[in-house]
Chemist: 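Below are the structure tokens for one structure; questions will follow.
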Number of protein chains: 2
Amino acid sequence: MQIVEGQATSGEAAPDAAQRGQRSAFAVQAIRDMIVSGELPAGERVPERVITERLGISRTPLREALKVLEVEGLVQISPNRGAMVVKLSLGDVEAVIEMLIGLELSAAELACVRASDEEIARAEELHHEMASAYRRGALIEYFNINQQIHEQIFVCAHNAALLRVYRAESARIRRFRFVSNREATRWPRAVQEHEQILDALKQREGAILREVLRAHHWNGWKATAKVLSEEWGEELG
Amino acid sequence: MQIVEGQATSGEAAPDAAQRGQRSAFAVQAIRDMIVSGELPAGERVPERVITERLGISRTPLREALKVLEVEGLVQISPNRGAMVVKLSLGDVEAVIEMLIGLELSAAELACVRASDEEIARAEELHHEMASAYRRGALIEYFNINQQIHEQIFVCAHNAALLRVYRAESARIRRFRFVSNREATRWPRAVQEHEQILDALKQREGAILREVLRAHHWNGWKATAKVLSEEWGEELG
DNA sequence: CTAAAGGGTTTTGCATGCAGATTGTCGAAG
DNA sequence: CTTCGACAATCTGCATGCAAAACCCTTTAG
């Protein structure tokens, strides 16, 4: 009886429910999205019951998913008290940004030495797409291409560990970076800085690229921090 | 019936079995140790049955532990085929080392600006303990204090994200770093390099500290890589 | 001799039930 | 009115059972 009922649930409760062998991965992605989108606010508890019903899976794969999200740093699990969405202070986010900048400066140096001409051409192509999105005022598209350009620097560095950590840690704070985009003031300036970044990369000037990137990210963070602190003060999620 | 038997198992099968609420954490640590110690060789499958019996826990917390270890990068899980200890090539390890060096150079710059005098004094104290271990020929102790000194640089940087990532990524390759210690050739030289590191830190000379650290780690990696490639060729774990 | 096909065994994926922990509620005492 | 405590409702931690997938060994066709 219980088995039949269980499988019926997984078949009807959620139309996009996961197949066998993918349930916990499905839950990880779903909860991650809920956190990034703000549907699950920071500090909120994540009751197993609610999520299982929402996703149409049972508690076992859900609990595996929560463990994964805990390692990823998106939730915190307390014994006998379950999971809660991690609450980050402005200082916490700044620390992550600072570390990511360090990673990217390392990647930049390596990229200038190791990138193939094709990889640099790809970065340039992305840059033009981004400039186009800027001219059209397509904010979301601009944001996404922007992310891709910075990732391309890591690709150019030919170091899988760098890229992996960059992606994982970026995910932790993606939500906060996006916020700053509502502040359009910095937009033209950011595009201009990207010109310089591209130039330095094309000329494979590692030292110059480092400094340009450092300034670019630091300016970006200052703008983001301004928006964030106005919005929430020190109490972020 | 089943419950009584289950709890009896957790009480007697493993004398150091975990308490309620700690079983998966216990399993994570136990399996991590088995991997680091080489008891579970790279490429080996990790059958749930065997581990549960060994640790005296049931499959549920074990599977949670394996998910955690997968995110940590120590095992790989394939659907319907279970977990296997990740096999790293010499190139994979080198990529991680390269990234860790980048992180430490970032931390070093920050440390020179932000460290308190007490924190630097702590680094110096560790340095003297390490030198003492060297003179006594206490290899293991030397290795551990060495790790602590490098961690202290991250502590001095006052950036929790940097320290967290450094610890997590170091854990992935701890096994390989340790190997190089059997090669005692580099020992006196390494101690000497540590003198320079300490000096640069005490004088808060970020640029110098960067270059000294870069050389130190690069030399260390060359020695390690030599041992590793002699031992396993390109087929590491 | 290799390759495909069967079938029994083992292993994984997951839903669930039970025990213990926590939380919420309400009444009594201060 | 607040505080403490008992009790109930709820939630988490975990062992387990069932189904599906993978595995392994034997048999058989090419």
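Numbers restart at 1 for each chain; the letters A, B, ... are given by sequence-line order, proteins then strands.
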Chemist: Base, sugar-phosphate alone, or nothing: which one does A:Glu64 contact when heavy atoms must sit under 4.0 Å apart?
Modeler: nothing
Chemist: Taking the side chain as every heavy atom from C-beta outward, state whether B:Lys222 and B:Arg186 have any pair of such atoms under 4.5 Å apart.
Modeler: no
Chemist: Give the C-alpha distance, both sets of side-chain angles, the deciding distance and a yes or no for side-chain contact (heavy atoms from CB on, under 4.5 Å) between A:Leu88 and A:Arg175.
Modeler: CA-CA 11 Å; A:Leu88 296 176; A:Arg175 190 146 88 85; over 6 Å; no
Chemist: Let me see the working for A:Lys67 and A:Glu64 under salt bridge (Lys or Arg N to Asp or Glu O under 4.0 Å), right down to the final yes or no.
Modeler: CA-CA 5 Å; A:Lys67 287 284 186 188; A:Glu64 292 174 5; over 6 Å; no
Chemist: Is it true that A:Gln148 and A:Asn144 share a donor-acceptor pair across their side chains at a distance under 3.5 Å?
Modeler: no
Chemist: Can you measure B:Leu66 atom CG to C:dT12 atom P for me and round it to whole angstrom units?
Modeler: 9 Å
Chemist: Taking C-beta and beyond as the side chain, do B:His127 and B:Gln152 meet within less than 4.5 Å on heavy atoms?
Modeler: no
Chemist: Measure from the side-chain N and O atoms of A:Asn146 to the backbone N and O of A:Phe143, and report whether any donor-acceptor pair falls under 3.5 Å.
Modeler: no
Chemist: Write down the distance between CD1 (A:Ile57) and C1' (C:dT16), rounded to a whole number of angstrom.
Modeler: 14 Å
Chemist: Which nucleotide, D:dC11, C:dG20, D:dA15, lies nearest any side-chain atom of B:Ser58?
Modeler: D:dA15
Chemist: To the nearest Å, give me how far apart CG (A:Asn80) and P (D:dA9) are.
Modeler: 21 Å
Chemist: Give the rounded distance in Å between these two atoms: CD of B:Glu48 and P of D:dC23.
Modeler: 14 Å
Chemist: Show me, pair by pair, the donor-acceptor contacts under 3.5 angstrom made by side chains of residues 96-111 of chain A, not counting sequence neighbours?
Modeler:
residue: A:Glu98; atom: OE1; partner: B:Arg114; partner atom: NH1; Å: 3.0
residue: A:Glu98; atom: OE1; partner: B:Arg114; partner atom: NH2; Å: 3.4
residue: A:Glu98; atom: OE1; partner: B:Asn159; partner atom: ND2; Å: 2.8
residue: A:Glu98; atom: OE2; partner: B:Arg114; partner atom: NH2; Å: 2.6
residue: A:Glu104; atom: OE1; partner: A:His217; partner atom: NE2; Å: 3.0
residue: A:Glu104; atom: OE2; partner: A:His150; partner atom: ND1; Å: 2.7
residue: A:Glu104; atom: OE2; partner: A:His217; partner atom: NE2; Å: 3.3
residue: A:Ser106; atom: OG; partner: A:Gly102; partner atom: O; Å: 3.3
residue: A:Glu109; atom: OE2; partner: A:Arg210; partner atom: NH1; Å: 3.4

Chemist: May I have the distance from A:Arg59 (atom CZ) to C:dG17 (atom P), rounded to whole angstrom?
Modeler: 11 Å
Chemist: Please compare A:Pro79 and A:Gly21 by the position of their nearest nucleotide in DNA chain C and report the one closer to 5'.
Modeler: A:Gly21
Chemist: Over how many whole Å does the gap from A:Arg20 atom CZ to D:dA22 atom C1' extend?
Modeler: 10 Å
Chemist: Protein-nucleotides 23-25 of chain C N/O pairs closer than 3.5 Å?
Modeler:
residue: C:dT23; atom: OP1; partner: A:Arg81; partner atom: NH1; Å: 2.1

Chemist: Please give, in whole Å, the distance from D:dA19 C1' to A:Arg23 CZ?
Modeler: 11 Å
Chemist: CG of B:Leu62 versus P of C:dT12: gap in Å, rounded?
Modeler: 9 Å
